[in-house]
Amino acid sequence: MTTADTVAQDPMEHARALLAAKPDGLIEAVAREAKVSTRAVLELLPEAQRQLVAPERFEDVWKELASWGTVLFLMHTPDIVLECEGSLPVGSFGHGYYNIHGDSPIGGHIKAENCRAIYLVDRSTAQGRRACSVQFFNGFGEVMFKVFVRRDAARELLADQLARFEALKTKFA
C-alpha cells in the first residue's frame, strides 16, 4: 500500500497530509476536507501552538476574557463566519445556560455544559501574522465560539491583550 493509499483510507492521515502541505491552513477547512472533527485537526498541531484547558474552567476562563476590553468574538460554522467586536460581559449560570448580558453587542446564553474542551491557540495565519485565540469546543469536537486577541490599525496584535493571552497560558498550564 502506498502513502497515497493510506491517506485516502485514513481520514486522520489525510488531515496530517493537508496540514503538512499548508501548515497555516484554516483548521475548519482541513477538518471538512478530511472528514474529521475540528478538534481532531487542532490536536495535530504542534504542542507549542495549542494548550488544552479543562472545560470545568469555563467560567474562570470567561471571567479572564471579560477583563480584556474589546475582543473579537467569532463563530465559524459551515454556513457563516460571524465576527463581532465588543467586550465580554461577565455572566452567571441560570436555567441551564451561562447568561451574558451587558453594555456590549455580545450577549446571549451559552450552554456551557456542552463545552468539552478549551484551547489557547497561538499560530500563524496564511498572511504570516501571529494569531492568538481562545477556542471553546463542544462534545462533537466542533468549535462553539472563539475569542481572538484584537489587532491595531497596523494589523499588529494589541500588546495589552497579547500580554493577557500569554498570562492565560501560564495561569491555566
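Numbering of residues begins at 1 and proceeds along the displayed sequence.
Classification of Glu43 and Arg16 as a salt-bridged pair fails, no side-chain N sitting under 4.0 Å from a carboxylate O. Here Arg57 pairs with Asp60 in a salt bridge; the nearest charged N to carboxylate O distance falls below 4.0 Å.
Hydrophobic clustering (ILVMFWY, side-chain heavy atoms < 4.5 Å, transitive): Met144 and Val53 are in one cluster.
Using the six-membered ring where Trp is involved, Phe145 and Trp62 have ring planes that are perpendicular, over 60° apart on the 30 and 60° scheme.
Met75 places none of its side-chain heavy atoms less than 4.5 Å from the side chain of Ile80. The closest side-chain heavy-atom distance from Leu157 to Phe165 is not below 4.5 Å.
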**Request:** Step by step, work out the salt bridge (Lys or Arg N to Asp or Glu O under 4.0 Å) result for Asp24 and Arg123.
**Result:** CA-CA 8 Å; Asp24 59 0; Arg123 59 192 301 254; over 6 Å; no
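Residues in residues 135-146 take part in these side chain to side chain donor-acceptor pair (under 3.5 Å) pairs, two or more places apart or across chains: Glu28-Lys146, Thr38-Glu142, Ser133-Gln135.
Val143 shares a hydrophobic cluster with Met12, Leu18, Leu19, Ile27, Val30, Val36, Val41, Leu42, Leu44, Leu45, Leu52, Tyr119, Val121, Phe137; the chain of contacts runs through ILVMFWY side chains whose heavy atoms sit under 4.5 Å apart.
Residues Arg164 and Ser67 bring a donor and an acceptor atom of their side chains to less than 3.5 Å of each other.
Scored by the side chain to side chain contact (heavy atoms under 4.5 Å, CB included) test, Glu113 finds Lys111 as partners (sequence neighbours excluded). Residues meeting the side chain to side chain contact (heavy atoms under 4.5 Å, CB included) test with Leu72, sequence neighbours left out: Glu83, Glu85, Phe148, Arg150. For Ala29, the side chain to side chain contact (heavy atoms under 4.5 Å, CB included) partners are Leu26, Arg32, not counting sequence neighbours.
For Asp103, the CG atom is loosely surrounded, since the number of other residues' heavy atoms within 6.0 Å does not exceed 12.
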Please list every donor-acceptor pair under 3.5 Å in which a side-chain atom of residues 89-99 meets a protein atom from a residue at least two apart or in another chain.
{"unit_1": "Tyr98", "atom_1": "OH", "unit_2": "Gly91", "atom_2": "N", "d": "3.0"}
{"unit_1": "Tyr98", "atom_1": "OH", "unit_2": "Gly91", "atom_2": "O", "d": "3.3"}
{"unit_1": "Asn99", "atom_1": "OD1", "unit_2": "His109", "atom_2": "ND1", "d": "2.5"}
{"unit_1": "Asn99", "atom_1": "ND2", "unit_2": "Ser92", "atom_2": "O", "d": "3.4"}
{"unit_1": "Asn99", "atom_1": "ND2", "unit_2": "Gly94", "atom_2": "O", "d": "3.1"}
{"unit_1": "Asn99", "atom_1": "ND2", "unit_2": "Tyr97", "atom_2": "O", "d": "3.4"}

